[in-house]
Structures are given as structure tokens and as C-alpha cells.
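Proteins come first, then strands; the chains are lettered A, B, ... in the order of their sequence lines, and each starts at number 1.
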2 protein chains.
Amino acid sequence: MEPTEELADLLSPPTLTPGARRILEVASDLFYRGGLHAVGVDTIAAESGVTKRTLYDRFGSKDGLIRAYLQLRHQRWWERMQRRVNQAPGSPILALWDSYTLDAEPSDRGCAFINAAGELPEDHPARDVIRAHKRAVLDLLTELLRRSRGPVDDAESTARQIFLLLEGGMSQRGIDGDDHMLRSGREVVEHLLDLTPPEAGPGSRADS
Amino acid sequence: MEPTEELADLLSPPTLTPGARRILEVASDLFYRGGLHAVGVDTIAAESGVTKRTLYDRFGSKDGLIRAYLQLRHQRWWERMQRRVNQAPGSPILALWDSYTLDAEPSDRGCAFINAAGELPEDHPARDVIRAHKRAVLDLLTELLRRSRGPVDDAESTARQIFLLLEGGMSQRGIDGDDHMLRSGREVVEHLLDLTPPEAGPGSRADS
DNA sequence: GACCAAGTTCACAGATCTGTGAGATCGGAG
DNA sequence: CTCCGATCTCACAGATCTGTGAACTTGGTC
């Protein structure tokens, strides 16, 4: 369930001083709403009642802060999503899906990771956080599918399909500012999960 | 086939002076590769062998240039894609899909419109270009589906599904820097087009 | 009381950003 | 010849950007 190795990477920096926490909190909000390049460190420092000096003492650079921002963002969302998936009365896949719509901010700018990827150069230190995040989601989807059906199946292929629908929906949410495409995607997934039933269906899907 | 009203919007500014053309050409390259905020007007002007004065005389502001950049980007891609779709020996849907992989730059930063949406505020003058572009793609998909099967069908729903897969694949390409997720999506679409055949059983599909 | 990490103060460096003002140049069209 | 659109020159305004240097304060801990 836990992405074993990668999560160490994705955790926010070890111990976070009170000031650093405030900075990160504010940065997280401003970066998400305004974009990475559009928000300056002066604004972040001022808004979090902290001097720029402290910001640089804690995070080293703006790029370091950006990295921490995405780590925090992942951590927060991942925990909430896990809770939903584990407590889901119905399909855990749909619970995961719904986490995207239920845990969204009112100021909806779509997926923070997609947006960040669009702004950051290829060699930016936060790129691996972005990739690890997406990877974790895809892996979890695969795992959930494997668990909910026969062990030998096209779980990976189906996981990729659902993943793509999800990413498409999120990217479109960032463009439209609303959910309607994401909702469309949910219907597809419902349909998909019906068409490929647990294993109760007609005979065992040993398949070719 | 043509998005009637919107295309007037999406066309690049009426007559483009030689200087303006060079500016737009350079800006298109730099914006796509470097991002919108990360590239300054000084760089664009210098790189296109033109003074900043000319840039502002032609495009009014950086935001105006950004808008023109996306318009050009749409125009270019749209024409190439249309050609592929019309000349496709097999499924026009797959031809559309392949346009995303075949007409990609070597420096692959994913979808210019998704990236732009992630960087621009809600009220930016280029936002409607982004939305119109995505809208045009979705509409074309719907139209192609309607044409290739019985007139009364779930063409809209299927179009949305393919659209989401496409957007997911493109957004992922911007993150991974490669095509493999987009290719995965293509397989899904192939499968999808088989499962929902023209209106007869197996056979009447010319197929790719 | 000494030590230490966290944070403050504040000035400053040096670059880069978007955008403008006013006048000169140059080629083509009437 | 004259007018005009396109472009160039070039200085400059004013803001904003990331990042740093050096010394001071404060609260807790051994």
C-alpha cells in the first residue's frame, strides 16, 4: 500500500521549525493559486509574518521551497485519499477517484503537479517529486485492481486507462475551472468496473 | 468539420508584418520550451533580431503576444491534424490521435495549452483561446464518431472518454518527457473502437 | 551562566522585468 | 515629391526578482 522507497523522498523535510511551517503553509496556498514563477519570495515571507532571511535559512532557495511545497501537497492529499480508500463501503477505485473531486480547493486550479510540471525546467529539483507522485497514484491503482480481481489479469493495463482518464479530467479541470469533465470520467470508470467484474462473472477469467 | 464561430477567434491576428512574424515565430519556440513567465520580452526581441519597441507596437503587450502564440500554435497543429484525419486510410479517430505523437517537437514539453493554463490567471486574455482549442478537439471527436456509426448513439459520451484519455496522455507526456503513457492510451482507444463497432458486427471496419 | 537554534532587522547587491518617449531611417505607393 | 507604415535607436522609468552579510534578540536546555 505504501510506496516503500519513494515516500521517504516525498515526506516533507525532517523536522520543520514553527516558522518554516508557516512559510510552507503560505507558500502552498500562494503557489497553487498564483503559479510558481508569478509568486515571489518577498510576498511569501511577508504573508507568513517572517523575514526573507528565515525563508532562505530554512529552505535554502526558492527552488527548495517549491520542492517542499510539492512534497507537502502530496503528503496531505495522499493521507486523505488513503483514508477514503480504506473506509470505502463500495469500490476503492471509485473512492480514490472521488478523492479528487471531494478534496478540491474552492479556488480550483486543477492539479498542482501538472501545473508545476508545465512551469519547471527538465532539471529542476522538484521534478522527481512530481514524477514520484504520479507514479504512486498509478501504482496504487494497479494494486487496488489486482486485489479486487483474480491475481492474473490485465490489472496494469486497466490501471493505466483509469489513470489517464483521471489525469485528463484533472488537466481539464485546470482549464475549465469546473468538474464536469472529471464527472464524465467517473461514469466511464463505473462502466469499466462493471464490465470487468471481480471474478463473479461468467466463469473464471483465466483468459488468454 | 470547421469550428465555425470560434475559428475566427483562433486565427492569428489579421495581417502580420514581417517583423511580427519573426517575433511570433521566436516567441512560439521560447514560450513552449521555457514557459510563459520564465521567458522575457527582451530575450524574445533580441532573439528575433527586432527591437522591443517593435514587439510592443505589434502586439501591444506581453499578454497580447502570449495570446497570439497560442493562436498560432492551434492553427499550425490544427491544419496538420486535419490533413491526417482526412487522408487517413483507417480510422480517422486514430489518425487524430496519432497526430499528437507524430507532430510533436523533439523538445517535448507536453501540451502547450495545458502548460499555459497552469501558468495564467483566470482572467487572462488567452484563456478563451485555450478553452476554444480544447473545445474544438472535443467537438471534432464527437463529429467523427457520429459520422462513423449510426447517427443515434453515445457518440458524445465516447468522445469525452477518448478526449480524456488524450488529455491524460498529453499531460503525462509533459511530466515524463516521453510518449509511453500516450501509447498506452492508443491501445485503449483501439480496443474501444472495436467494442463499439460501426453498426454491423465484425467486418465493416476498414481498420488501421 | 553558557550555549544554541530560531528568528529578526535592515541594508544592499545585481539582475531582470514590463513598458514608454521621442526622434531617425527607409522603402514603397500615390 | 510626399506621405506612410514598419522598423530602429536608445535612454530611461519604476518595479520586482532572488539572494546575502552582519549583528542583534529571545527562549529553552544542559
Side-chain angles (χ1 to χ4, degrees), chain A residues 12-70 72 116 118-121 123-127, chain B residues 12-70 72 116 118-121 123-127:
Chain A
S12 49
T15 43
L16 225 43
T17 65
R21 241 190 304 275
R22 286 211 311 282
I23 294 170
L24 197 47
E25 213 64 50
V26 168
S28 188
D29 182 46
L30 293 182
F31 278 153
Y32 180 64
R33 283 175 21 213
L36 269 26
H37 280 105
V39 174
V41 290
D42 289 280
T43 311
I44 295 172
E47 204 96 353
S48 46
V50 151
T51 57
K52 220 175 9 165
R53 205 72 188 80
T54 307
L55 191 155
Y56 277 94
D57 283 347
R58 296 300 128 229
F59 297 97
S61 67
K62 184 182 182 180
D63 288 333
L65 181 57
I66 287 175
R67 190 181 154 91
Y69 150 63
L70 290 173
L72 176 70
E119 252 188 294
L120 299 180
D123 59 348
H124 192 280
R127 276 250 158 200
Chain B
S12 49
T15 42
L16 227 42
T17 65
R21 240 189 304 275
R22 284 209 315 280
I23 294 170
L24 197 47
E25 214 64 51
V26 167
S28 188
D29 182 45
L30 293 182
F31 278 153
Y32 180 65
R33 282 176 21 213
L36 269 26
H37 281 106
V39 175
V41 289
D42 289 282
T43 311
I44 295 171
E47 204 96 352
S48 46
V50 151
T51 56
K52 222 174 8 164
R53 204 71 188 80
T54 308
L55 191 154
Y56 277 94
D57 282 348
R58 295 300 128 232
F59 297 97
S61 67
K62 185 182 182 182
D63 288 333
L65 180 57
I66 288 176
R67 189 181 154 91
Y69 150 61
L70 291 173
L72 176 69
E119 255 189 293
L120 299 179
D123 59 346
H124 192 279
R127 276 250 159 202

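In terms of heavy-atom proximity, B:Leu55 sits nearest to B:Ile23 at CA-CD1, 3.7 Å. In terms of heavy atoms, A:Thr51 sits closest to A:Ala45 at C-CB, 4.0 Å. Nearest heavy atom pair, residue A:Ile66 against residue A:His124, reads CG2-CE1, 4.0 Å. When all heavy atoms are compared, the tightest approach of A:Tyr56 to A:Lys62 is CE2-N, 4.3 Å.
Within residues 28-40 of chain A, no residue has any heavy atom closer than 4.0 Å to DNA chain C. Proximity of residues 51-58 of chain B to DNA chain C (heavy atom under 4.0 angstrom from any strand atom) is restricted to B:Lys52, B:Arg53, B:Tyr56.
Here the straight-line distance linking atom CD1 of A:Ile44 with atom CZ of A:Phe31 works out to 3.5 Å at 0.5 Å rounding. To the nearest 0.5 Å, atoms OH (B:Tyr69) and CG (B:Asp63) are separated by 14.0 Å.
Under the 3.5 Å distance criterion, the side-chain polar atoms of B:Arg58 are left unmatched by any main-chain donor or acceptor of B:Ala20. No donor-acceptor distance shorter than 3.5 angstrom exists from the side chain of B:Glu119 to the backbone of A:Glu119, with no hydrogens or angles considered.
Atom CD1 in B:Ile66 sits about 13 Å away from atom C1' in C:dC17, given to the nearest Å. Distance, B:Asp42 CG to D:dA11 P: 14 Å, rounded to whole Å. The CZ-C1' distance, from A:Phe59 to C:dA6, rounds to 13 Å in whole Å.
Contact between the side-chain N/O atoms of A:Thr17 and the OP1/OP2 oxygens of C:dA5 is not found at any separation under 4.0 Å.
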